[in-house]
**Q** 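Sharing a structure, written as structure tokens. Questions coming.
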Amino acid sequence: MSIYDTLNSEQKRAVLQTDGPVLILAGAGSGKTRVITHRIAYLMEECGVNPWNILAITFTNKAAGEMRERVDRLIGFGAESVWVSTFHSMCVRILRRHIDAIGYDNRFTIYDTDDQKALMKQVCKELNIDTKQLRERSILSAISSAKDELLTPLRYQEKHQMDFIERQIGDAYELYQKMLQKNNALDFDDLLMKTVELFNAREDILKNYQDRFRYIMVDEYQDTNTAQFEIVRLLAAGSRNLCVVGDDDQSIYKFRGANIRNILDFEKVYPDATVIRLEQNYRSTQNILDAANAVIANNRNRKAKKLWTDRGPGNKVHFRQFRSGRDEASYVAEDIDRCMRQDHKLHYRDFAVLYRTNAQSRQLEDSFVQNSVPYNIVGGTNFYARMEVRDLLSYLRTVSNGLDDISVQRIINVPKRGIGETTIGRIQDYAQSHEVSFFDALSDLDEISGVAKAKKKLTDFRDFILSLRDFASTNRIEELIKKIIRDTDYENYLRAYDELTADDRIDNINELISKAVSYEEDALEDEESGGPTLAGFLEDVALVADIDNVDGDDDRVLLMTLHSAKGLEFPHVYLTGMEEDLFPSYMSLNSTDEDALEEERRLAYVGITRAKDDLTLCCASARMVRGEMQYHAISRFVMEIPENLLDCPPGKGYSVDTADWEDEDDEPPFAEIHGRMPASGALGGGYDVFAPYGGSGSVYGRKSAADRGKESSSLGAGGRGQGTSYSAGGAHSSREESGTGSGRGVVHPHDTRLKAVYVKPHTSSAKKPAIAKAGLSALSKGMPEAAKPDYEVGDRVAHVKYGSGTVLSIEKGPRDYKVKVMFDEAGQKIMYAAFAKLRKI
DNA sequence: TAGTTGGGTTTTTTT
DNA sequence: AACCCAACTA
């Protein structure tokens with residue numbers, strides 16, 4: 001029995017079809033990594049292919065490492081000679097060897113987004129571009145798209161000369177590119193584009209790689225952009241042994257240039273391609289798969305397919321709605337705890353919590369800390385983007401590449417050396433007019449007017465860098481970093497900068513040092529890399545993805561964005577923030593591009609299919625977004641899942657452990673809600689709700705999408721699962737609140753014990769009733785600023801339930817004003833002002 | 001030159 | 001809420 005007998009027939013076909021173009025359409029969880037690894041093993045073991053002739057391109061360095069490991073385990077030899085890497089790493093490797101052929105120095109620096117922005121700032125200044133009107137970021141993203149499409153500055157300018165903005169971008173692109181070259185730097189997109197440029201310029205070099213890479217495999221092919229497509233096309237042009245693996249339903253990187261047509265049109269480009277579909281899923285239960293299939297079926301531009309499994313139905317998909325993002329976060333942490341207690345075989349690492357945006361991790365993190373659940377967050381502020389790490393890296397880059405002006409300028413006054421902006425500006429002007437680098441200009445100080453006062457400081461700095469260069473030539477990177485820290489007294493600088501964060505920052509620096517150490521160890525082992533170099537370390541550092549740093553053996557819950565979760569799987573998955581405007585994002589809903597929403601749906605599909613056994617979808621009625629309370633309807637992606645697959649379908653009434661309003665002083669919430677609500681009869685037809693303070697009522701009033709101005713655009717698109725807005729109110733709320741023009745009150749049954757959702761017509765944010773806002777604010781942690789009550793001690797006030805009374809005291813609490821009232825009939829009560837909604841009489 | 005403050009803005013997602 | 005920048009002050 002061979003290792004290939006464990007494959008199903010389609011997988012086997014994919015492994016055995018070694019020659020010619022092959023397209024493997026691999027649904028989520030269909031074992032595509034197994035196919036690729038077995039294919040590599042088969043090529044080496046059965047076809048006698050030299051591992052050196054095999055290239056496998058993966059999406060992340062982590063995936064590359066895992067793939068190499070798995071091949072090793074399969075055949076136990078030779079896997080280290082297979083070239084497994086990401087597009088970007090592969091390109092850097094090629095460019096380090098050959099980029100001098102197209103006018104760069106081989107010691108080039110890789111600029112990340114922060115460097116790009118710093119450089120673009122200079123470009124805009126030079127070109128007098130008003131960055132208020134046209135931000136650096138927008139220019140950079142336009143340039144990035146151009147590079148993804150392999151458009152040179154010249155070609156971009158030819159294509160885009162109609163309006164002023166486009167001409168400005170064209171000019172900026174041209175100068176930006178010149179300055180990059182002057183700094184001897186490449187940005188991320190250049191890595192791909194310059195490789196194509198190199199291959200086109202030097203047929204001999206291309207031929208060399210074509211001869212080497214006789215068998216090419218590309219994973220996650222649906223997320224390749226035009227530049228990557230071209231690289232693959234060029235490399236495979238000789239042998240035509242190209243095997244691409246992907247799933248059009250999981251294409252989620254359009255924003256960075258991914259072109260879904262690369263996979264959809266593969267058969268057009270390679271008419272003789274063998275197409276293999278892997279539709280059996282080995283990961284998830286049938287209920288989870290059915291949910292995923294139901295959601296993705298709403299996309300129109302896709303290759304039809306349907307995942308199936310021979311696993312049983314499993315648990316239903318869990319759906320939970322909460323009052324606030326905070327409640328959602330505590331539920332997730334507590335539920336994980338509950339699962340762990342219930343099933344002792346479970347580990348923390350069996351859980352993942354996914355969200356659409358990094359900003360959502362904050363509340364989750366808080367709640368995990370509070371509940372002592374160990375967790376790891378993937379991404380957010382990239383480790384290498386932290387101030388202290390960047391400072392040190394800029395020193396290293398200055399040592400490594402004297403032409404990198406951006407790095408020199410970053411550190412010339414860090415820690416403070418008394419070198420100010422004016423001085424830096426003068427040196428820069430000189431450097432520019434004399435066509436020398438900024439650093440070299442430091443040796444011509446006598447010729448630069450107006451820097452005499454700072455001359456000593458500048459010379460000291462220059463000499464310091466020179467001494468570091470000297471030191472670096474005979475010492476290890478680890479020692480170099482330590483020397484920089486020591487000589488600049490960097491730790492004290494951090495303490496002076498911010499006492500509170502200094503310890504964390506020092507930890508980060510130590511981590512950087514240990515990364516340098518392990519880089520040097522790895523590079524010593526890897527013969528092909530040519531040993532450890534400073535440039536090599538900087539390049540490693542520049543190309544790591546957040547997910548690369550995740551240690552699978554760490555027994556912690558993983559928190560990450562849906563994007564980061566691609567390619568991973570977990571027994572238990574929580575998808576949080578399943579709300580309209582959040583997921584699908586506001587951006588996609590307002591986009592003119594129809595595919596934007598489909599891409600969000602693919603993202604939902606990716607999220608759902610990460611789950612093996614249990615999937616929990618969560619949403620919150622109210623959530624702080626960018627410092628403002630927002631009220632969202634349940635995500636359409638939840639509504640697209642058939643009710644019978646959900647344990648608690650939206651609108652059916654259910655209970656949630658944490659959403660319990662029995663707490664002391666915890667009055668029922670009331671909310672002003674706008675946004676889309678689920679269609680279907682969930683709320684219509686006299687669904688009963690209970691008003692705050694005891695009364696009961698039912699949903700009444702209903703406004704069609706057409707009445708609703710701007711929002712109707714996203715509503716009116718048709719199709720199932722679209723929302724309808726209801727106006728509603730509890731018994732206490734008056735009719736006038738329900739039907740006004742832009743009113744969009746919604747009552748949602750959130751809990752069978754729900755006493756109330758108080759609904760106000762939405763007018764404008766300026767006119768939002770302060771009290772409603774304060775009331776909800778208090779639901780969420782960290783919102784101390786509640787509206788100050790308009791009554792004072794001694795005033796007579798009226799309460800909806802308790803009647804009238806006299807205010808005994810008003811005390812500012814952590815969240816809200818705490819008011820003590822002696823009611824004429826009900827006696828003394830203490831309540832929060834925002835919830836109590838006392839009216840002065 | 002350095003540090004503070006107030007105002008305006010806001011990539012969702014990342015190699 | 002967090003960030004960035006310009007303007008202001010010491």
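In the text below, chain A, chain B and the rest are named by the order of the sequence lines, each starting its count at 1. Any value given below was found using the heavy atoms of this structure, including those in side chains, with hydrogens, waters and symmetry copies removed.
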**Q** Using a 4.0 Å heavy-atom cut-off across all strands, classify A/K121 as base, sugar-phosphate, or nothing.
**A** sugar-phosphate
**Q** Separation of A/I547 atom CD1 from B/dT13 atom C1', in whole Å?
**A** 14 Å
**Q** Could you work out which one of B/dT14, B/dT15, B/dT12 sits closest to the side chain of A/S585?
**A** B/dT12
**Q** Within the 4.0 Å heavy-atom criterion, would you say A/T60 contacts the bases, only the backbone, or no part of the nucleic acid?
**A** nothing
**Q** A/L582 has an atom CG; how far is it from atom C1' of B/dT13, in whole Å?
**A** 12 Å
**Q** Return the stacking result for B/dT14 and A/Y253: yes when the ring centres lie under 5.5 Å apart and the planes under 30°, no otherwise.
**A** no
**Q** Please work out if A/K416 contacts a base, only the sugar-phosphate, or nothing of the nucleic acid, heavy-atom cut-off 4.0 Å.
**A** sugar-phosphate
**Q** Nearest-Å distance, CD (A/Q133) to P (C/dC5)?
**A** 17 Å
**Q** Quick check, are the ring centers of A/Y253 and A/F59 under 6.0 angstrom apart?
**A** yes
**Q** Among B/dT12, B/dT13, B/dT15, which is the nearest nucleotide to the side chain of A/S588?
**A** B/dT12
**Q** A/T422 side chain N/O closer than 4.0 Å to the phosphate oxygens (OP1, OP2) of B/dT1?
**A** yes
**Q** If you assign A/L192 and A/R135 each to the DNA chain B nucleotide with the nearest heavy atom, which residue ends up on the more 5' nucleotide?
**A** A/R135
**Q** Is the A/F461-A/F464 ring centre distance short of 6.0 angstrom?
**A** no
**Q** Of the nucleotides B/dT12, B/dT11, B/dT9, which one has an atom closest to the side chain of A/R137?
**A** B/dT11
**Q** Looking at the base of B/dT15, is there any donor atom on it, or on the side chain of A/R256, that sits under 3.5 Å from an acceptor on the other one?
**A** no
**Q** Run through A/D595, A/D249, A/D248 and flag the one making a salt bridge (Lys or Arg N to Asp or Glu O under 4.0 Å) with A/R602.
**A** A/D595
**Q** State which of B/dT14, B/dT15, B/dT1 makes the closest approach to the side chain of A/T86.
**A** B/dT15
**Q** Kindly point out which of B/dT15, B/dT13, B/dA2 is positioned nearest to the side chain of A/A545?
**A** B/dT15
**Q** Let's see if you can work this out: which of C/dA2, B/dT1, B/dT14 has an atom nearest to the side-chain heavy atoms of A/T423?
**A** B/dT1
**Q** Can you tell me which nucleotide in B/dT15, B/dT14, B/dT11 comes closest to the side chain of A/T561?
**A** B/dT14
**Q** Report yes or no: do A/T58 and A/D219 form a side-chain donor-acceptor pair below 3.5 Å?
**A** no
**Q** Between A/S141 and A/D546, which is nearer to the 5' end of DNA chain B once each is assigned its nearest nucleotide?
**A** A/S141
**Q** In whole Å, what separates the P atom of C/dC4 from that of B/dT13?
**A** 15 Å
**Q** Rounded to whole Å, how long is the line connecting atom CG of A/L543 with atom P of B/dT15?
**A** 10 Å
**Q** For residues A/E149 and A/T226, is any side-chain donor paired with an opposing acceptor at under 3.5 Å?
**A** yes
**Q** Of the candidate nucleotides B/dA2, B/dT15, C/dA1, which contains the atom at the shortest distance from the side chain of A/R626?
**A** C/dA1
**Q** For B/dT14, does either OP1 or OP2 sit under 4.0 Å from a side-chain N or O belonging to A/N358?
**A** yes
